[in-house]
Each structure stands twice: as structure tokens, then as C-alpha cells.
Asker: 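Supplied in C-alpha cells, the structure appears directly below.
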Amino acid sequence: MTFKAEYIWIDGTEPTAKLRSKTRVLADGAELPIWGFDGSSTNQADGHSSDRVLKPVFTCPDPIRGGDNVLVLCEVLDIDMTPHRSNTRALLTEVAEKYADQESWFGIEQEYTFFKEGRPLGFPIGGFPAPQGGYYCGVGADEVFGREVVEKHLDLCLEAGLKISGINAEVMPGQWEFQVGPAGPVEVSDHMWVARWLLYRVAEDFGIAATLDPKPAKGDWNGAGAHTNFSTKAMRENYDAIIVACEALGEGDKPLEHVKQYGHGIEDRLTGHHETAPWNKFSYGVSDRGASVRIPWQVEVDKKGYIEDRRPNANVDPYVVTRLLVDTCCSALEKAGLV
Ligand code: ADP
Ligand code: MN
Ligand code: MN
Ligand code: MN
């Protein structure tokens, strides 16, 4: 007997990478082999030397096919078995290991927008729906669009064993959110990429495209972000560590270094309107949804907990945002003697 392994990888498309996958049929009990693909079709190689390598790094049950079938998330390597330049996971694992003793946790809020027939789901042909106001966490056929896909996606993520922690309808019609976490940097990112793949895959069955476009509708409509909630062991125990992390994110070139790598098109989303802070002006504050980084109200009361970086775009690479946060905050906490 056989089973099917769906090999999933992140391609080299710029400015925003896409997910790719293909199926390998394997004999029952077989180990998941290293595999290859044509990198010239994925912006990962030139035609004359186009073989690239898929190295399995995270496996879970395939809830679409069921049975013994599996999803296999891979890193992309060059044929000399070193990480391909598009392989941001390899960069993260190094930094994550360096600061492993600080026990970083992440919860990422993935916002996204459904499109059908070239417009956001719920937008009428050639026009606009009623202005924003009733859609966020709404109920009823006049307020929410695509719930059947969202419910199915949640069930699939749970069946796959992903650490999905919730869903909600967002501020713009056809816009939704799911959250993954809390989990360590590599785990939350692997789960996020597989959850994204499952989202595209299940929406496909409904004739709907899910997109991570950070500004899917021009005008007075909210963009789509990926708020990244972050804590270390020290931050979960004391408030000084919370403040050190916030200050570190605001120091010197750090705001720009982070924002530049928080997803293509970030200037169009971080305008200072629609619950965002301007991309070129760093701020942090308690309960402040107009700040770059928010300290949740409860965290100030408890004097411990986590912070929310509200800047990342929906199209951010989770391997990149978690690496930057660990690197910036954990090194500052170390320097401050708070670990
Ligand atoms: P919001 O109120 O901003 O909409 P959500 O409830 O959508 O927040 O998401 C919060 C995320 O933060 C969840 O994924 C949750 O698991 C995660 N989270 C909770 N506690 C921590 C923590 N201590 N460290 C990191 N992430 C956390
Ligand atoms: Mn949320
Ligand atoms: Mn949201
Ligand atoms: Mn949030």
C-alpha cells in the first residue's frame, strides 16, 4: 500500500514569495526522502542549472486527503546542500538556537482577504458595500462573507494538529483573521506557512482566492496585517523586561530595519490611519492601537506578559519577523542583565 506526501515549499518570487507544492506517492512505512524540483519555474534558479533540493523539516497529517497522507513543509537548498538564498528558515533557526534559553513565544494574527471574480468577497459589481462599521466580528448574511470557508479552514488546521488559537471576521467585508500560537519562533512560523497553504487550498474548492495583500482595497478600507505578539521568559515574569523590549525596538536604526522587512507595501498600510502608526515613526504604549507596539492593558495590570508588534503586514514572512524580534529584544534583555 501507499500514501501521499504533499511537499510544500516557499518559492523565490519577489517582492513576496508564493507557496508551491507537489505530490509524492510513497510505500507505506517509507521515510520522507529528500526531493528536488525545477527552480527555474519558481524564481529560484536559472534555466541552465535549475535543480533545487527540498529538505523535509515539518510534517503533519494531511486533513484534505485524510487517511495516512501527510503534508511535508520543506526548506529549499542548493545542490551542494547549503540553504538557498530564499531560505529564510535557515537564518531563523540559527538565531532561535542562539537565544533558546530565553524561551521566546509568539502568537501571530494572520489577516487576509477573500477575492472572487476580481473583487473582495461581499463587494458588489462596479461599486462598494456599506462603509466599515458592522463587519468586524459581525454576524448575518449582510455583514459576513465566506464564513463556510473560514470554518472549514479552522477544522482543517485543527485536524492537522497546528497550533491555531482562534478566528474572527475583520473590519472590511471579505476580510478575516486567524491566529497561530503561542509557540516558539520556528514552530509558530512552520505552522503559519502550513495554515496559509491550507487556506489557499480549501478556498480553491469554493472558487475563491485568499490573498495576503496588505492593502486589498484602496480608499477608506482597513489594510491587512499580521500583528505579532511576543514574549520571553523574563517578559512573562517582569515588567522591566517588557519595557526593555519596547525600548530596544525603538532604538537607533531598529525601527527602519524592522519595517523594511515586515512585508512589501508597508508604507501603504502603515499610514497613521485605520488603527495603524505611521511606518516612519516608532511608538509604543499601553492599550494603544495607534502605536507601533502595544502593551496590552492586562499586561500593565499584571506587570508581566507580552507585547504586540502591530507593524507586520499580512504578507510578512513569519521566519523573518520572528528572527528580527528575537534578535533585537533578546540581545537587549541579555545586555540589561534581565535573563
Ligand atoms: P488581539 O486582541 O490583538 O486581536 P488576538 O487574540 O487576535 O489579539 O491574538 C493574540 C495572540 O497572542 C494569540 O495568538 C495568543 O495565543 C498570543 N499570545 C497570548 N499570550 C502570549 C504570550 N505570552 N506570548 C506570545 N504570544 C501570546
Ligand atoms: Mn486579533
Ligand atoms: Mn485583526
Ligand atoms: Mn492584534
Side-chain angles (χ1 to χ4, degrees), residues 96 99-100 102-113 135-138 144 150 153-154 157-158 162-172 175-196 199 212 214 222-239 241-246 249 262-263 269-270 274-277 283-314 316 318 321-326 328-330 333 338-339:
Y99 294 109
Q102 294 201 34
E103 295 175 35
S104 298
W105 292 357
F106 289 88
I108 304 181
E109 306 168 48
Q110 177 69 68
E111 295 179 341
Y112 61 93
T113 311
Y135 305 113
Y136 171 73
C137 297
V144 300
V150 174
H153 175 249
L154 175 58
C157 288
L158 290 170
L162 304 181
K163 289 191 171 169
I164 190 162
S165 51
I167 53 173
N168 60 267
E170 270 302 336
V171 175
M172 190 185 99
Q175 204 174 61
W176 293 83
E177 170 180 315
F178 66 85
Q179 303 99 32
V180 176
V186 178
E187 187 180 32
V188 81
S189 305
D190 286 345
H191 286 208
M192 178 59 76
W193 277 114
V194 174
R196 285 176 175 180
L199 179 66
L212 306 186
N222 270 39
H227 298 168
T228 301
N229 301 274
F230 168 68
S231 66
T232 65
K233 189 160 180 288
M235 293 161 72
R236 293 189 291 275
E237 286 167 358
N238 97 57
Y239 201 70
I242 297 271
I243 298 302
V244 165
C246 291
L249 288 168
Y262 275 6
R269 175 175 148 265
L270 298 185
H274 301 111
E275 302 175 69
T276 68
S283 61
Y284 72 90
V286 176
S287 276
D288 188 354
R289 284 172 201 276
S292 314
V293 172
R294 176 177 69 107
I295 300 171
W297 161 81
Q298 191 67 42
V299 172
E300 208 219 6
V301 172
D302 294 346
K303 296 288 175 227
K304 61 183 179 184
Y306 64 98
I307 59 174
E308 178 193 47
D309 191 338
R310 300 176 57 80
R311 296 169 294 173
N313 265 358
V316 75
V321 64
T322 56
R323 170 170 53 87
L324 291 169
L325 284 169
V326 168
T328 300
C329 297
C330 291
L333 286 162
L338 282 169
V339 295

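Just so you know, ligand 1 is whichever comes first in the structure, and atom 1 is the first atom listed for that ligand.
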Asker: So, Q110 side chain and F178 main chain: donor-acceptor pair closer than 3.5 Å or not?
Answerer: no
Asker: What are the two closest heavy atoms between G263 and N313, and how far apart are they?
Answerer: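 G263 and N313 have their closest heavy atoms at O-ND2, 3.4 Å.
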Asker: Closest N/O/S atom of E177 to the Mn ion (ligand 2), by atom name?
Answerer: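 Restricting E177 to its N, O and S atoms, the minimum distance to the Mn ion (ligand 2) goes to OE2.
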Asker: Starting from the N and O atoms of ligand 1, find every protein N or O within less than 3.5 Å and list the pair with its distance.
Answerer:
unit_1   : atom_1 : unit_2 : atom_2 : d
ligand 1 : 3 (O)  : E109   : OE1    : 3.3
ligand 1 : 3 (O)  : E109   : OE2    : 3.1
ligand 1 : 3 (O)  : R294   : NH2    : 3.2
ligand 1 : 3 (O)  : E308   : OE2    : 2.8
ligand 1 : 4 (O)  : E109   : OE1    : 3.2
ligand 1 : 7 (O)  : E109   : OE1    : 3.2
ligand 1 : 7 (O)  : E177   : OE2    : 3.0
ligand 1 : 7 (O)  : Q179   : NE2    : 3.3
ligand 1 : 8 (O)  : E109   : OE2    : 3.4
ligand 1 : 12 (O) : N229   : ND2    : 3.4
ligand 1 : 14 (O) : S165   : OG     : 3.2
ligand 1 : 16 (O) : G181   : O      : 3.3
ligand 1 : 16 (O) : P182   : N      : 3.4
ligand 1 : 23 (N) : S231   : OG     : 3.3
ligand 1 : 24 (N) : S231   : OG     : 2.8
ligand 1 : 26 (N) : G107   : N      : 3.4

Asker: Over 60° means perpendicular and under 30° means parallel, so tell me whether F106 and F230 are parallel, tilted or perpendicular.
Answerer: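 Tilted, since the angle between the ring planes falls between 30° and 60°.
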Asker: Going by side chain to side chain donor-acceptor pair (under 3.5 Å), E109 matches just one of N229, N168, T228. Which one?
Answerer: N229
Asker: Sort by chain and number the protein N/O/S atoms found under 2.8 Å from the Mn ion (ligand 4).
Answerer: E109 OE1, E109 OE2, H227 ND1, E308 OE2
Asker: Looking at every heavy atom in both K304 and Y239, which two are closest together, and how far apart are they?
Answerer: N-CD1, 4.2 Å
Asker: Of the non-hydrogen atoms in R196 and A314, which two are nearest, and what is the gap between them?
Answerer: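 Closest approach of R196 to A314: NH2-O, 3.2 Å.
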Asker: Would you name the heavy atoms of C330 and S104 that are closest together and state the gap between them?
Answerer: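 Scanning both residues, the minimum pair turns out to be SG-OG, 3.7 Å.
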Asker: Between the side chains of Y262 and D309, is a donor N or O closer than 3.5 angstrom to an acceptor N or O?
Answerer: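 Present: a donor and an acceptor within the cut-off.
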Asker: If I compare all heavy atoms of M235 with all of I307, which pair ends up nearest, and what's the gap?
Answerer: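 So the two residues come closest at CE-CG1, 3.8 Å.
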Asker: Would you name the heavy atoms of A277 and S283 that are closest together and state the gap between them?
Answerer: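 Answer, listing the atom of A277 first, then S283: CB-OG, 4.4 Å.
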